[in-house]
Amino acid sequence: MSQNGYQQGFPANPGAIAYQKRLYPWAIAKLMPSMQRTIVGRFRSRSDADGHLLCLRQLMPQARLVVVFDLQPDLEVPIAAPTAIR
């Protein structure tokens with residue numbers, strides 16, 4: 001998935017991270033026990049995610065993989081509290 005720009009690292013700015021995640025709302029999730037999931041990859045379009053899912057299912061036939069529309073970030077970026085003006 002080297003052409004997937006989401007995987008190539010983020011700038012240090014947390015606002016840029018949130019914007020970058022919104023550019024790739026389609027994700028392939030690996031379903032795990034206890035209603036947990038792990039994001040395997042993110043994509044801009046549903047058709048890209050479906051294509052990658054077909055390849056992953058051939059490589060890992062026992063894995064439970066699904067395409068999801070995920071706008072929630074995996075890691076919550078803490079929002080800094082406003083500082084008092086002196």
Side-chain angles (χ1 to χ4, degrees):
M1 288 189 275
S2 61
Q3 68 272 24
N4 189 349
Y6 177 82
Q7 304 292 342
Q8 295 178 357
F10 294 120
N13 183 356
I17 293 172
Y19 176 71
Q20 184 77 16
K21 282 182 175 273
R22 285 193 305 251
L23 290 177
Y24 296 90
W26 292 100
I28 295 177
K30 181 177 181 182
L31 302 178
M32 299 166 53
S34 303
M35 299 295 291
Q36 295 178 347
R37 68 180 182 179
T38 301
I39 300 296
V40 177
R42 291 189 174 272
F43 307 91
R44 273 190 188 229
S45 70
R46 169 79 190 251
S47 63
D48 286 347
D50 286 336
H52 282 270
L53 180 64
L54 290 175
C55 293
L56 287 174
R57 283 193 174 152
Q58 288 179 349
L59 294 172
M60 303 183 302
Q62 286 81 20
R64 294 177 53 197
L65 301 167
V66 294
V67 173
V68 295
F69 187 80
D70 182 30
L71 288 178
Q72 297 296 322
D74 295 333
L75 300 172
E76 292 293 326
V77 178
I79 298 173
T83 58
I85 299 174
R86 296 180 196 192

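These numbers were taken from a predicted model, which means no experiment stands behind them.
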query = Passes side chain to side chain contact (heavy atoms under 4.5 Å, CB included), Leu53 versus Arg57? Steps please.
reply = CA-CA 6 Å; Leu53 180 64; Arg57 283 193 174 152; 3.8 Å; yes
Any idea which heavy atoms bring [X] and [Y] closest together, and the distance?
{"X": "Ser45", "Y": "Trp26", "answer": "C-CD1, 3.6 Å"}
{"X": "Val67", "Y": "Ala49", "answer": "CG1-CB, 3.9 Å"}
{"X": "Tyr24", "Y": "Arg42", "answer": "O-NH1, 3.5 Å"}

ask   = Between Gln58 and Leu54, is any pair of side-chain heavy atoms under 4.5 Å apart?
value =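 They are not in side-chain contact.
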message = Apply side chain to side chain contact (heavy atoms under 4.5 Å, CB included) to residues Ile39 and Ile28 and explain how you reach the verdict.
response = CA-CA 6 Å; Ile39 300 296; Ile28 295 177; over 6 Å; no
request  = Spell out, yes or no, whether Val68 and Phe43 are grouped together once hydrophobic residues are joined by side-chain heavy atoms under 4.5 Å, including indirect joins.
outcome  =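 No, no single cluster joins them.
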request  = Report whether Val66 and Phe69 are members of the same hydrophobic cluster (ILVMFWY, side-chain heavy atoms less than 4.5 Å apart, transitive linking).
outcome  =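 Hydrophobic grouping puts Val66 apart from Phe69.
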query = Hey, mind stepping through Asp70 and Arg37 against side chain to side chain contact (heavy atoms under 4.5 Å, CB included) and telling me if it holds?
reply = CA-CA 12 Å; Asp70 182 30; Arg37 68 180 182 179; 3.2 Å; yes
request  = Measure the CZ-CE distance between Arg64 and Met32 for me, rounded to the nearest 0.5 Å.
outcome  =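 Spacing of CZ (Arg64) from CE (Met32) equals 11.0 Å.
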key: Gap separating the CG atom of Leu65 from the OG1 atom of Thr38, nearest 0.5 angstrom   =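 Separation between the atoms: 10.5 Å.
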request  = Flag the pair Arg44 and Asp48 as a salt bridge only when some basic side-chain nitrogen lies within less than 4.0 angstrom of an acidic carboxylate oxygen.
outcome  =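 Asp48 and Arg44: not salt-bridged.
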